[in-house]
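Following: one structure in structure tokens, then a few remarks.
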Amino acid sequence: MSQPPQPPNEPPKGGFGPPQDPSYGYPPAQPPQPPQQPPQGQPGYGYPQAPPPPPPLPPGTPPPPPGYGYPAQPGPQDFPTQPYGTGPGPQQGQGQPGPYGQQPYGAYPPPPARFPGGAPGGGRSKQRLTVIVSAVVVLALAIGGGVWFATKDDGGKDGKSLAKSDEKGDRDKDGKDGGGGAKPETVDGKLLFGKEQERVPDLVTTKGLWATDKYVVKSDVYKLVGYGLSGGRKWEVPLDGEICWASQRTTADGKTAVLFKNARPTPEKKYPSCDQVAAIDLNAGKKLWQHTAKLGDEDIRFDEVTVGGGTVAAGGTSGGAAWSLDGGKELWKPKSGDSCKDAGYGGGDKLVAVRRCGAYNRPSLEVQTLNPATGAVKSAFRVPSGISWAHIASTDPLVVGLDAAGSAGNGVSDFMAVDDSAKAGRLRSKISTQGGVYTPKCDATNVEGCVKLAVSKDTLYLPTKEHTSGKSTVSGEVNEVVGFDLASGRSKGKAEGTPGSLLLPLSMGEDGHVIAYQLPTYQSGGSVVRIDPATYGKDVLLRNPAATHEAENALSPDYQEGLYAQGRLFLGNHYADKPRSSHSGKTYTLLIFGGS
């Protein structure tokens with residue numbers, strides 16, 4: 001790919017990172033002012049607040065321009081609430097709270113930890129779950145680079161029951177936000193299947209979890225394994241080495257891509273290279289093709305891979321390469337001496353590159369919407385200077401995450417909605433994570449991999465951090481999922497979680513609702529809920545039992561993998577590790593929850 005001419009819309013500098021006023025995502029009319037003590041009656045946690053008034057200007061002085069990324073004239077505040085510890089709402093004549101007003105946050109003693117179990121990593125269970133072994137007949141068939149398995153009388157449990165006895169798409173099909181409709185029936189779920197982690201001598205990456213209308217597929221130790229939607233191993237695709245990256249994107253007909261190492265580690269070669277790219281047909285249970293890209297005589301090492309617009313694209317510090325999904329034809333690769341490199345790509349219906357030029361520690365970044373068949377640049381948006389890492393949260397609509405000051409360790413401090421309909425991309429809005437008030441997670445240096453968020457045609461949904469509810473009758477901390485308008489950057493509404501638990505957005509449902517996950521607590525299992533984008537009301541789709549809450553919590557999407565599809569909740573681990581002497585319970589690679 002050649003470096004395109006720079007677009008003429010060089011944005012002004014500044015405006016990123018944690019704001020110096022309590023604007024919570026609202027575009028201020030003036031540049032940020034120093035922090036002020038919030039007066040009584042200002043908005044509370046999780047909602048944008050009106051910026052403080054600027055100091056008076058001398059006569060004849062023109063007003064200063066707005067900071068970068070903010071529309072010039074914000075409108076009125078949409079959803080006023082009350083801050084921590086404030087009293088009753090405003091009196092008559094002072095303005096009334098909006099439709100999403102909250103009770104004030106009062107003084108409240110800190111609750112106990114939400115759930116015991118230690119650091120992230122598979123399996124924290126302290127109690128042994130009942131294991132019921134049933135007969136399993138396994139027939140291995142070599143088909144297209146995969147191994148298929150036939151099971152008999154497994155009841156969808158692959159021979160094991162872990163429960164006690166009491167127990168892709170970003171938007172809907174027409175691209176519009178949905179909502180409304182009949183209230184769904186809540187399914188009382190149970191643990192249908194659990195796959196125990198393989199024993200390994202050392203840490204092995206197993207990131208990767210997909211679901212089609214036929215199978216749920218999990219990356220495992222040096223392989224991909226397909227299971228029935230209620231359990232039971234169906235096929236296996238062996239890999240040369242450890243998984244390095246698994247695309248979050250799956251095509252409508254069930255195809256995706258993975259990046260893996262060229263060999264297993266040996267005493268002579270402890271660190272094989274991540275240079276193998278393969279396209280996988282998840283419904284057929286086979287590898288479609290496997291390729292590398294060469295720069296001179298050397299295979300190029302990549303950091304990540306995705307699928308977008310019918311193209312498989314891999315990127316990293318050495319640059320990017322691409323192949324056609326169908327057939328594996330090489331479309332482009334890095335050129336020797338190229339001063340600009342594709343650090344990675346965002347996939348989906350479109351293919352978007354983050355292109356880095358200049359010094360590694362002080363690069364200039366450009367977000368490029370590509371023709372996926374040729375790599376030609378259709379639209380380019382220049383990232384403000386001083387930003388070293390950019391992430392693609394969504395390609396359609398285009399939402400870019402930036403790691404400026406104030407990411408609070410989550411890899412993203414700000415999101416930009418970008419209009420890429422013209423040759424020069426145009427900033428639509430900027431949404432700040434407010435230095436950790438909102439808690440999505442993006443991989444520190446990779447382009448894709450943002451989780452704990454959802455993006456629809458016109459809204460970005462983010463979770464807030466946990467905080468006291470301010471209600472004396474409610475025990476435990478609570479958080480919300482807040483929707484932000486991509487056109488203005490303003491908040492639109494919020495869905496409140498359950499006290500003592502964390503509410504996380506997972507994805508967009510086909511009907512336009514947000515699919516979210518409520519983590520388990522001490523006394524209850526987790527649940528899958530849908531959030532109406534119009535009212536922000538919640539409906540419980542799947543309620544898991546208390547009997548398996550420890551195993552469920554060990555694979556929590558807060559730090560592992562989770563997706564909801566075909567009426568099932570699928571939870572998977574990121575790593576397989578050697579057994580720990582301090583851990584007496586079971587460690588799982590995959591759990592499936594659903595109805596009978």
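- Side chains of Ser379 and Asp420: a donor-acceptor N/O pair is absent below 3.5 angstrom, by distance only.
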Stepwise side-chain contact (heavy atoms from CB on, under 4.5 Å) check, Thr251 with Val307:
CA-CA 8 Å; Thr251 64; Val307 178; 3.9 Å; yes

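- Side-chain contact of Asp275 with Asn262: a donor-acceptor pair under 3.5 Å is present, judged by distance alone.
- Going from atom CG of Leu209 over to atom CG of Leu590 covers 6.5 Å, rounded to the nearest 0.5 Å.
- When atom types are taken as modelled, the side chain of Thr205 and the backbone of Lys207 share no donor-acceptor pair closer than 3.5 angstrom.
- Between Leu282 and Thr256, the closest side-chain pair of non-hydrogen atoms falls below 4.5 Å.
- In this structure the side chain of Asp349 reaches within 4.5 angstrom of the side chain of Asp396, judged on heavy atoms.
- Val455 places a side-chain heavy atom less than 4.5 Å from the side chain of Leu453.
- Residues satisfying the side chain to side chain contact (heavy atoms under 4.5 Å, CB included) test with Ala516, not counting sequence neighbours, are Leu503, Val529, Ile531.
- A donor-acceptor contact closer than 3.5 angstrom links the side chains of Asn573 and Thr206.
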Test side-chain contact (heavy atoms from CB on, under 4.5 Å) on His291 and Glu330 and set out the steps.
CA-CA 9 Å; His291 291 313; Glu330 186 176 279; over 6 Å; no

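- Taking the side chain to side chain donor-acceptor pair (under 3.5 Å) definition, one finds that Thr445 meets it with nothing, sequence neighbours left out.
- The minimum heavy-atom distance between Lys378 and Asn371, with the atom names listed, is CD-N, 3.6 Å.
- Under the side chain to side chain donor-acceptor pair (under 3.5 Å) criterion, Lys269 pairs with no residue at all, not counting sequence neighbours.
- Not one N or O on the side chain of Ser247 forms a donor-acceptor pair closer than 3.5 Å with the backbone of Ala257.
- Considering CG of Asp414 and CD1 of Ile431, their distance stands at 10.0 Å, rounded to 0.5 Å.
- Pairs of residues two or more places apart, or lying in two chains, never qualify as ring pair (Phe, Tyr, Trp, His ring centres under 6.0 Å) while including a residue from residues 301-320.
- Considering only residues two or more places apart in sequence or on other chains, Asp419 meets the side chain to side chain donor-acceptor pair (under 3.5 Å) condition with Ser421, Arg426.
- Between Asp558 and Lys441 there is no salt bridge, since none of the side-chain N atoms of the basic residue sits less than 4.0 Å from a carboxylate O of the acidic one.
- Separating the CD1 atom in Ile300 from the OG1 atom in Thr292 is a distance of 8.5 Å, to the nearest 0.5 Å.
- Taking every heavy atom of both residues into account, Pro440 and Phe415 meet most closely at CG-CE1, 3.8 Å.
- Arg355 contributes a side-chain N or O that, together with a main-chain N or O of Cys340, makes up a donor-acceptor pair within less than 3.5 Å.
- In this structure, Val352 and Leu370 have side chains that are not in contact, with every pair of non-hydrogen atoms separated by 4.5 Å or more.
- There is a side-chain donor-acceptor pair under 3.5 Å between Thr306 and Glu448.
- For Lys341, the side chain to side chain contact (heavy atoms under 4.5 Å, CB included) test picks out no residue, with sequence neighbours left out.
- Closest heavy-atom contact between Thr395 and Lys350: O-CD, 3.5 Å.
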What's the verdict on side-chain contact (heavy atoms from CB on, under 4.5 Å) for Val277 and Val305, showing C-alpha distance, side-chain angles and the deciding distance?
CA-CA 8 Å; Val277 176; Val305 68; 4.0 Å; yes

Could you go through Val258 and Trp245, starting from their C-alpha distance and side-chain angles, then the distance that decides it, and tell me whether this counts as side-chain contact (heavy atoms from CB on, under 4.5 Å)?
CA-CA 6 Å; Val258 293; Trp245 192 264; over 6 Å; no

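- Although no hydrogens or angles enter the test, the distance criterion places a donor-acceptor pair under 3.5 Å between the side chain of Asp485 and the main chain of Ala487.
- Residue Thr589 holds its OG1 atom at 12.5 Å from CG of Leu571, rounded to the nearest 0.5 Å.
- For Ser364, the side chain to side chain contact (heavy atoms under 4.5 Å, CB included) partners at least two apart in sequence or on another chain are Cys357.
- Smallest separation of non-hydrogen atoms from Gly346 and Val447: N-CG1, 4.1 Å.
- Asp326 pairs by the side chain to side chain donor-acceptor pair (under 3.5 Å) definition with nothing, not counting sequence neighbours.
- In terms of heavy-atom proximity, Val514 sits nearest to Met508 at CG2-SD, 3.9 Å.
- Side-chain contact check for Ile515 versus Pro505: every heavy-atom pair is 4.5 Å or farther apart.
- A donor-acceptor pair under 3.5 Å links the side-chain atoms of Ser324 to the main chain of Lys329, judged by distance alone.
- A distance-only check finds a donor-acceptor pair linking the side chain of Arg249 to the backbone of Gly347 [under 3.5 Å].
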Can you list the steps and then say if Asp458 with Lys492 is a salt bridge (Lys or Arg N to Asp or Glu O under 4.0 Å)?
CA-CA 11 Å; Asp458 58 15; Lys492 301 169 67 174; 3.5 Å; yes

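- Within the 4.5 Å cutoff, the side chain of Thr464 has no heavy atoms near those of the Glu466 side chain.
- Judged as a salt bridge (charged side-chain N to carboxylate O under 4.0 Å, His left out), the pairs with a partner in residues 255-264 (not counting sequence neighbours) are, in order, Glu242-Lys261, Asp253-Lys255.
- Closest approach of Phe260 and Ala278 over heavy atoms only: CE2-CB, 3.6 Å.
- Atom CG of Asp297 sits in a sparse spot, with 12 or fewer heavy atoms from other residues, nucleotides or ligands closer than 6.0 Å.
- Here the CG atom belonging to Leu203 is positioned 9.5 Å from the NZ atom belonging to Lys578, to the nearest 0.5 angstrom.
- Ring to ring, Tyr461 and Phe484 are not that close: their centroids are 6.0 angstrom or more apart.
- Ion pairing between a basic and an acidic side chain is recognised when a charged N comes within 4.0 Å of a carboxylate O; Glu561 and Lys218 show such pairing.
- Judged as a side chain to side chain contact (heavy atoms under 4.5 Å, CB included), and not counting sequence neighbours, Glu298 has no contacts.
- Residue pairs meeting the ring pair (Phe, Tyr, Trp, His ring centres under 6.0 Å) criterion with at least one member in residues 385-404, sequence neighbours excluded: Tyr360-Trp389.
- At a cut-off of 3.5 Å, with distance as the only test, a side-chain donor of Gln290 or Gln276 sits close to an acceptor on the other residue.
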List the atom pairs, with distances to 0.1 Å, where a side-chain N or O of residues 308-318 and a protein N or O form a donor-acceptor pair under 3.5 Å, not counting sequence neighbours.
residue : atom : partner : partner atom : Å
Thr311  : OG1  : Pro372  : O            : 2.6

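- For the pair Leu462 and Val481, the minimum side-chain heavy-atom distance is 4.5 Å or more.
- At distances below 3.5 Å, not a single donor-acceptor pair connects side-chain atoms of Asn479 with backbone N or O atoms of Leu502.
- Atoms CD and OH, on Glu198 and Tyr222 in that order, are 10.0 Å from each other to the nearest 0.5 Å.
- Looking at heavy atoms from C-beta onward, Val217 lies out of side-chain contact with Val225 at the 4.5 angstrom threshold.
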